[in-house]
Amino acid sequence: MKLRVGLIGCGWFSHFYAKTLSRIGERVHLVWVADMDPEKAAALSAKTNAQPLTDFREGLEEVDAVFILLPHHLHYSVTLECLNAGKHVLLEKPIAVSLQQADEMIQASEKNRRTFMIAYPHRYRASMQLFKQIIESGRYGRLFMLDAMMDESLKGYTTGWISKRETLGGGVFFSSSPHMLDVMFWLGGDVQALSMAGTHAGCEMEGEDTAVSVMRFKNGVIGVTRHLWASPKSRIWYTMNAVCEKAHITLTTTPLGDLVSEGADCEWKTRIVAVGDTEEVLHESGEGLELQGEIEHFHECIETGRTPETDGPTARNLIARIFEAYDEASAKGANVL
Ligand SMILES: NC(=O)c1ccc[n+]([C@@H]2O[C@H](COP(=O)([O-])OP(=O)(O)OC[C@H]3O[C@@H](n4cnc5c(N)ncnc54)[C@H](O)[C@@H]3O)[C@@H](O)[C@H]2O)c1
């Protein structure tokens, strides 16, 4: 089935969707792109040949599904409108800025019997799927620790809606650390406890721009995340390190240019290396912030009726854990006010 799609929100990240869709156009047809800013809609339209709109409502009848790439405080209302119009929804992370909103969105997807998936792309990347297979093969012994880091220099990016708690939903830990947490929960299973600490390190924003977290899973695996938006020098953008009895297995994804200014045109390098008694390179590719696996999964779920891996309840669980960690951190003075 060729899926007819409309894209809502033609900002920075939409160009990554455009790049992926140009490769899978025989399965997913982008009919229109909508943004309240006509210049943004026109710029994405020029890249995709999709019709530019300033109001997504005008195009809803022409599509089966929508991709929603809006500021976080708008996820709730626009998703509800699209689900209630009978559209399948692939929504950029996070699901919403409150649990009550998330619950209503999940209920609307159930009531309307539409596929509702939240876009956490990293678990759908081919390299990350291989990373999981390597760990689960047992070849390097039992996994006992996960250690992830995102090292980003985003001082010029944290403006407008990203700088405000009310519109972002929190700080870096809420907005972007789930790119690591989603993968870690997928690898580690049920979480027993998650705590965080945050600080300001130079981005002009209300929430924390730098955050660390520690967790323990019910199976005894422990994990840490470190996330910088104010990195003095971003070296490796995304690192996921799984420590097993016989080796460190490390996946690294590194932009070869400047990610903020080059966006979807940036070239990448991804590697998986196992270091134990010897050092083995298990994967090397040009894969970066890749969305093909994610969009294909959404398409498959619509076709087969399968529940998406990153469905509403999975994404709700992530923000529920984050809000608990925020509450604990603010009670103990472990995060910015
Ligand atoms: N998966 C990832 O790695 C990743 C990376 C970056 C951003 N994102 C997510 O993508 C989403 C968008 O982020 P971005 O960086 O592209 O933001 P952005 O600010 O660059 O783009 C948002 C766009 O929405 C438009 N907009 C605002 N209100 C609107 C409305 N009512 N109707 C139509 N358009 C409206 C704005 O004009 C803007 O063009 C967010 O959910 C963000 O978390 C994901």
Side-chain angles (χ1 to χ4, degrees), residues 6-20 32-45 47 52-60 66-82 89-97 101-102 105 117-125 128 150 152 154 156-164 166-183 205 207 227 229 237-238 253 255 259-264 266 268 287-295 297-298 310 315 318-319 322:
L7 184 151
I8 307 171
C10 306
W12 186 81
F13 199 50
S14 67
H15 294 265
F16 287 80
Y17 276 71
K19 190 172 183 183
T20 300
W32 48 259
V33 294
D35 200 293
M36 60 193 276
D37 177 341
E39 283 182 19
K40 296 260 177 79
L44 197 65
S45 165
K47 270 195 187 165
L53 298 176
T54 46
D55 184 352
F56 67 88
R57 294 168 192 90
E58 287 170 13
L60 281 181
V66 291
F67 297 151
I68 299 177
L69 291 77
L70 289 173
H72 299 167
H73 64 299
L74 300 173
H75 286 190
Y76 166 71
S77 56
V78 175
T79 298
L80 277 191
E81 229 178 306
C82 294
V89 172
L90 176 61
L91 169 67
E92 261 307 322
K93 53 78 196 164
I95 182 169
V97 294
Q101 290 182 348
M105 294 154 87
M117 173 168 154
I118 320 308
Y120 283 110
H122 292 277
R123 69 157 81 189
Y124 299 108
R125 289 169 46 192
M128 198 62 89
M150 287 185 76
E152 306 186 89
L154 296 185
Y157 178 77
T158 56
T159 55
W161 66 272
I162 297 173
S163 66
K164 305 233 170 351
E166 204 184 328
T167 44
L168 188 69
V172 63
F173 186 59
F174 177 79
S175 182
S176 287
S177 298
H179 285 311
M180 297 176 279
L181 294 170
D182 175 60
V183 171
M205 57 187 283
H227 205 146
W229 267 0
W237 177 67
Y238 187 107
T253 298
L259 179 55
V260 175
S261 59
E262 292 177 36
C266 191
W268 297 83
E287 185 197 68
L289 184 39
E290 175 56 61
L291 306 181
Q292 186 165 339
E294 173 183 89
I295 293 174
H297 181 68
F298 178 62
T310 47
L318 262 174
I319 63 165
I322 287 167

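In each ligand, atom 1 is the first atom listed, and ligand 1 is the first ligand listed.
No N or O atom of Ala119 sits closer than 3.5 Å to an N or O atom of ligand 1. Looking at Leu289 next to ligand 1, no N or O pair under 3.5 Å apart turns up. Between His75 and ligand 1, at least one N/O pair is under 3.5 Å apart.
Shown here for Ala119 and Tyr17, the closest heavy-atom pair between the two residues is CB-OH, 3.8 Å. Heavy-atom minimum distance, Ala96 versus Phe174: O-CZ, 3.3 Å.
Residues Val97 and Thr167 form no side-chain contact, since every pair of their non-hydrogen atoms from C-beta on lies 4.5 Å or further apart. In this structure, Ser14 and Val33 have side chains that are not in contact, with every pair of non-hydrogen atoms separated by 4.5 Å or more.
Heavy-atom contacts of His72 reach the following atoms of ligand 1: 40 (C), 41 (O), 42 (C), 43 (O) (cutoff under 4.0 Å). Below 4.0 Å from some heavy atom of Lys40 lie the following atoms of ligand 1, by number and element: 39 (O). Numbered from 1 in the order shown, with element, the atoms of ligand 1 that lie under 4.0 Å from a heavy atom of Pro121 read 1 (N). Those atoms of ligand 1 with a heavy atom of His179 less than 4.0 angstrom away are 1 (N), 2 (C), 3 (O).
At a 4.0 Å heavy-atom cut-off, ligand 1 touches Leu74 through the side chain alone.
In this structure, atom 9 (C) of ligand 1 lies nearest to the protein heavy atom Glu92 OE1, 3.6 Å. Of the protein's non-hydrogen atoms, Met36 SD, 3.6 Å is the one closest to atom 30 (C) of ligand 1. The closest protein non-hydrogen atom to atom 12 (C) of ligand 1 is Leu69 O, 3.4 Å. Nearest to atom 21 (O) of ligand 1 among the protein's heavy atoms is Gly11 CA, 3.2 Å. Among all non-hydrogen protein atoms, the one lying nearest atom 38 (C) of ligand 1 is Asp35 OD2, 3.4 Å. Of the protein's non-hydrogen atoms, the one nearest atom 20 (O) of ligand 1 is Trp12 N, 2.9 Å. The nearest heavy-atom contact from the protein to atom 40 (C) of ligand 1 is Leu70 O, 3.4 Å. Nearest protein heavy-atom contact of atom 41 (O) of ligand 1 is Lys93 O, 3.0 Å.
Contact analysis puts Tyr157 in contact with ligand 1, with a non-hydrogen atom separation below 4.0 angstrom. Residue Trp161 places a heavy atom under 4.0 Å from ligand 1.
Between the side chain of Lys19 and the backbone N or O of Ala264, at least one donor-acceptor pair lies under 3.5 Å.
Checking His227 against Glu152 by side-chain atom types alone, a donor-acceptor pair falls below 3.5 Å.
Screening His122, Glu287, Arg125 against Thr253 for a side-chain hydrogen bond (donor to acceptor under 3.5 Å, both in side chains) leaves a single residue, Arg125. For the side chain to side chain contact (heavy atoms under 4.5 Å, CB included) criterion with Pro121, the lone passing option out of His297, Gln292, His179 is His179.
Atom CD of Glu166 sits in a sparse spot, with 12 or fewer heavy atoms from other residues, nucleotides or ligands closer than 6.0 Å.
Remark: Ser176 OG to Leu154 CG distance equals 7.5 Å, nearest 0.5 Å.
Nearest-heavy-atom check against atom 22 (C) of ligand 1 across Pro71, Ser175, Gly160 picks out Pro71. In this structure, of Tyr120, Tyr238, Phe13, the residue bringing a heavy atom nearest to atom 2 (C) of ligand 1 is Phe13.
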